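Read the structure below first, then the notes.
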2 protein chains.
Amino acid sequence: MRASDKAYATLREDIIEWRLTPGTVLAEVEQSERLGVSRTPVREALSRLSAEGLTTAAGGRGVVVTDISLEDIDEMFELRETLEGKAAALAAERGEHAVFEKLHADLLRAPELISDTDPARHEYYALVGRLDEAIDAAISNSYLAQAMRSLRVHLVRVRRLAADDAPRLHAAAVEHAAIAEAIAAGNARLAEAATTMHLNRSLSHVKATHSQH
Amino acid sequence: MRASDKAYATLREDIIEWRLTPGTVLAEVEQSERLGVSRTPVREALSRLSAEGLTTAAGGRGVVVTDISLEDIDEMFELRETLEGKAAALAAERGEHAVFEKLHADLLRAPELISDTDPARHEYYALVGRLDEAIDAAISNSYLAQAMRSLRVHLVRVRRLAADDAPRLHAAAVEHAAIAEAIAAGNARLAEAATTMHLNRSLSHVKATHSQH
DNA sequence: ATGAGCATCAGTGTATACATTAATTGCCGT
DNA sequence: ACGGCAATTAATGTATACACTGATGCTCAT
């Protein structure tokens, strides 16, 4: 593994997990010492992070971890609704029905995964990730897929803030199942509507839990 | 101006203007000699270009200029329709009407700019650029604006291929004017429809001129 | 003659020394 | 005492030397 990859992965993880909080300045020398590599791979890593929007170049004086405001969350979900709504519709038109029928069935059994002892809900999130990947593959549009991937990075940060509880995850699984079902049925408008509903409920939940802080 | 900025600007320009054709490998030492800077800023520039998608990292062996296939153009316009349609609708809801009334009036006078002697049609493209900027500002959504900016880089490359002729530019100006008018009227659905029409006509024109080669 | 293995080389990956810039602090003048 | 200018310093920006990896081509053995 290249040193720049290591630096990038570590910093990215630290930012997404909120160990590095917004406003923190990431100085090259400081991070190179912390990560045990030289400045060059650190520069490369910071450059990649800034391109993703996780950090922002602060005019000559290092890069700072990007903040996420309440308006940011609204904006992100507005774009997300546009992109994922279109993606769901395209998947309904172009996807393999069998793939989404399988996902639909798996998602209906998701409560088993949530009631599991794993506090991080790895299996549940892996299943939802499989739905995302299936949609990505079905749309046959690398530019749209790329736009969704860029956005997902920021959404993961938001999710870490929301602290999904079991009731919300159960409801979300049902919503995901509805999306998969609509795609499997080849119903583009229904798939888009199901996505819109799911995202609006997610946003409401995020804002509700966020307002408690 | 920093050396890395210079390297980035030069390479970007060369790729967009098709002086560097798809498949060309950009070796660090080679480019550093050509641009008169050391390898470090060249690396930085290539990194930025790859993040934008203008180049693709070819597994350890340098980066290559990204190709644009016919399918790519279809995919780009599919995403563009999604993003710009939404943007036009939001601008109709949130924008300053006066700004778009002014743009509407200016766009109706665009034929004067096209019949001008300037072969590059700087003034015309500057006017269309002002419409884009006005929409960007009106939507109040930095994530959506960012997604459109990322896409525009690739669209400029496509436009260079299409070689817009005067008749098409006249028609496009009318289409742009219709978008500005709908936004000024605060009619979101009309603005989205006008955008859809414009983009479909643009795509047809691009594909028509492209198929001649 | 052909195939496999080794050696050479070209290229990127990393470290570090040096240049440059911008901010902060201290001093001087008013 | 306050404000501005200058010097210092700490950070990034750049260049370059070195390391390492992957590829290509040559040689030797079968």
Side-chain angles (χ1 to χ4, degrees), chain A residues 1-16 18-67 146 149-150 153, chain B residues 1-16 18-67 146 149-150 153:
Chain A
M1 192 187 205
R2 296 183 305 181
S4 63
D5 289 338
K6 178 190 168 190
Y8 169 73
T10 306
L11 286 167
R12 190 172 191 269
E13 185 88 359
D14 285 344
I15 293 171
I16 288 176
W18 294 86
R19 287 190 289 267
L20 289 171
T21 56
T24 306
V25 296
L26 303 176
E28 293 178 5
V29 285
E30 168 198 352
Q31 294 303 318
S32 71
E33 287 167 7
R34 183 169 81 95
L35 301 172
V37 296
S38 85
R39 277 180 58 209
T40 308
V42 170
R43 278 180 75 83
E44 157 111 22
L46 292 176
S47 166
R48 277 200 262 174
L49 291 169
S50 294
E52 279 184 306
L54 289 177
T55 60
T56 310
R61 214 47 161 209
V63 303
V64 301
V65 179
T66 306
D67 193 15
Q146 177 58 36
R149 264 195 299 276
S150 319
V153 182
Chain B
M1 191 187 205
R2 296 183 305 182
S4 63
D5 290 337
K6 177 190 167 189
Y8 170 74
T10 306
L11 285 168
R12 190 171 189 270
E13 185 89 358
D14 285 344
I15 293 171
I16 287 176
W18 295 87
R19 286 190 289 267
L20 289 171
T21 56
T24 306
V25 296
L26 303 176
E28 292 177 6
V29 285
E30 168 198 351
Q31 294 303 318
S32 70
E33 286 167 7
R34 183 169 82 95
L35 302 172
V37 296
S38 84
R39 277 180 58 207
T40 309
V42 170
R43 277 179 77 81
E44 156 111 22
L46 292 176
S47 166
R48 277 200 261 174
L49 291 169
S50 294
E52 279 184 307
L54 289 177
T55 60
T56 310
R61 215 45 162 210
V63 303
V64 300
V65 178
T66 306
D67 193 14
Q146 177 58 36
R149 264 194 299 275
S150 320
V153 181

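The chains referred to below are lettered A, B, ... by the order of the sequence lines, with proteins before strands, and numbering in each begins at 1. Remember, it's a predicted structure, so these values are computed and weren't measured experimentally.
Salt bridge status for A:D5 with A:R48: present, with a side-chain N to carboxylate O gap under 4.0 Å. Between B:E44 and B:R2 there is no salt bridge, since no side-chain N of the basic residue sits under 4.0 Å from a carboxylate O of the acidic one.
Rounded to whole angstrom, the span from the CD atom of B:E33 across to the C1' atom of D:dT16 amounts to 14 Å. In this structure, NZ of B:K6 is placed 15 Å from P of C:dT20, rounded to the nearest angstrom.
Annotation: side-chain hydrogen bond (donor to acceptor under 3.5 Å, both in side chains) contacts of A:S4 (sequence neighbours excluded): none. In this structure, the salt bridge (charged side-chain N to carboxylate O under 4.0 Å, His left out) partners of A:R39, at least two apart in sequence or on a different chain, are A:E28. A:V64 meets the side-chain contact (heavy atoms from CB on, under 4.5 Å) test with A:V25, A:T56, A:A58; sequence neighbours excluded.
For the atom pair CG of B:L54 and CG of B:L11, the computed distance is 10.0 Å after rounding to the nearest 0.5 Å.
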Scoring nucleotides 8-14 of chain C by protein non-hydrogen atoms under 4.0 Å (B base, S sugar-phosphate only, - none) yields ----BBB
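Inter-residue side-chain proximity for A:S47 and A:R43 is flagged as unmet; no heavy-atom pair is nearer than 4.5 Å.
For the helix from C:dA1-D:dT30 to C:dT30-D:dA1, the terminal axes (five pairs an end, C1' atoms, rotation from four pairs onto the next four) enclose an angle of 10°, given to 10 degrees.
Applying the salt bridge (Lys or Arg N to Asp or Glu O under 4.0 Å) test to residues at least two apart or on different chains, the pairs with a partner in residues 18-27 of chain B are B:D14-B:R19.
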